[in-house]
Enquirer: 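Could you have a look at this structure, given as structure tokens, before my questions?
Just so it is clear, the model here is predicted, and its values are computed rather than measured. Numbers restart at 1 for each chain; the letters A, B, ... are given by sequence-line order, proteins then strands. Values below: all heavy atoms of this structure, side chains included; hydrogens, waters and symmetry mates excluded.
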Protein chains: 2
Amino acid sequence: MWGKGFWRSLEKYLETLYVSGIQHSHHLLRVRCLNAAVKSAKIAWAFVELRCTFGGRSIVPDLTVFCWERIPRNENGGVANVFALAPDWTLEILSPGQSQTKVTKNILHCLQHGTQMGWLIDPIEQTVFVYAPEPPTQFYDEPAASLPVPAFAETVRLQRVTRS
Amino acid sequence: MWGKGFWRSLEKYLETLYVSGIQHSHHLLRVRCLNAAVKSAKIAWAFVELRCTFGGRSIVPDLTVFCWERIPRNENGGVANVFALAPDWTLEILSPGQSQTKVTKNILHCLQHGTQMGWLIDPIEQTVFVYAPEPPTQFYDEPAASLPVPAFAETVRLQRVTRS
């Protein structure tokens with residue numbers, strides 16, 4: 001049930017970005033709502049502009065999602081300050097003037113270090129590129145397209161189908 | 001031997017584009033040299049800005065390479081005017097102001113219709129993205145990096161290694 005809420009929020013969040021482009025305040029606000037759901041769910045946690053350092057590189061994706069058990073903790077059980085690992089899902093939203101090559105390279109760097117999936121959202125072209133170890137890179141530019149999600153999210157989606 | 005010359009020319013050609021950006025006259029001149037070699041080789045043929053129409057879409061990549069036996073012919077045995085098929089190798093060189101999303105989508109459209117490999121060259125970022133059905137999308141930004149080529153070119157490369 002919680003997972004259901006989380007993924008619905010994430011979809012809503014991405015849909016908003018996809019339609020309206022990037023608006024930073026919405027960005028933060030929506031992810032706060034999203035995290036409120038996921039904190040109870042203990043499935044995954046989404047972070048806005050979290051610095052992740054791994055493979056000799058430090059990146060700050062627009063949005064990262066970590067499976068619950070992979071979230072680094074401090075000695076009190078809280079979320080650690082330093083994330084020295086690749087996220088499970090990385091999402092980047094192109095902003096005008098940003099180098100798409102640099103952003104794509106960051107996504108591919110994540111995939112080379114265990115990330116399950118990377119989304120590159122181009123709000124101007126209304127297109128989402130999905131990068132993953134497999135299948136080959138795909139693009140989605142139809143509003144009704146069903147976008148693939150990482151395996152850990154897929155379970156939740158299936159659950160949604162069987163319960164509805 | 002001819003194949004060897006062809007791929008060496010292609011590498012030289014791409015290297016020039018990679019270093020200096022796109023210069024249209026060089027573009028044409030070099031592909032003319034390249035084709036002079038490949039016409040004898042009967043391995044493949046490279047075309048500059050050739051319109052290819054397939055899968056409900058018409059694209060004009062910067063450079064396409066077709067395996068010899070897949071080149072459409074007219075009744076006299078010459079190269080046909082219309083190419084209603086995907087190339088074996090598609091190469092795009094980003095020019096300033098061009099939508100990288102549109103160019104990437106054209107490459108992925110090719111891959112969805114049988115193209116073995118697509119290169120996306122960003123001269124500003126000195127990066128080549130290699131898209132293929134497998135392995136996952138990779139990037140190359142080290143000057144000394146050995147870039148993967150499609151299977152039909154790989155044979156020629158291996159030949160080169162064993163003969164040298």
Enquirer: Check the angle between the aromatic planes of A/F54 and A/H109 and answer parallel, tilted or perpendicular using the 30° and 60° thresholds.
Expert: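 Judged by the thresholds at 30° and 60°, the geometry between A/F54 and A/H109 is parallel.
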
Enquirer: Side chain, backbone, both or neither: which part of B/Q138 has a non-hydrogen atom closer than 4.5 Å to chain A?
Expert: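 Answer is both: backbone and side chain atoms of B/Q138 are under 4.5 Å from chain A.
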
Enquirer: Is it the backbone or the side chain of B/T137 that comes under 4.5 Å from a heavy atom of chain A, or both, or neither?
Expert: both

Enquirer: By a 4.5 Å heavy-atom criterion (distance strictly below it), what part of B/Y131 contacts chain A: side chain, backbone, both, or neither?
Expert: side chain

Enquirer: Stepwise, does the side-chain contact (heavy atoms from CB on, under 4.5 Å) test hold for B/L94 with B/L120?
Expert: CA-CA 7 Å; B/L94 278 177; B/L120 176 60; 3.9 Å; yes

Enquirer: If we ignore hydrogens and angles and just use 3.5 Å, is the side chain of B/T53 paired with the main-chain N or O of B/S58 as donor and acceptor?
Expert: no

Enquirer: Is the closest side-chain donor-acceptor distance between A/T101 and B/D122 under 3.5 Å?
Expert: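 B/D122 and A/T101 do have a side-chain donor-acceptor pair below 3.5 Å.
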
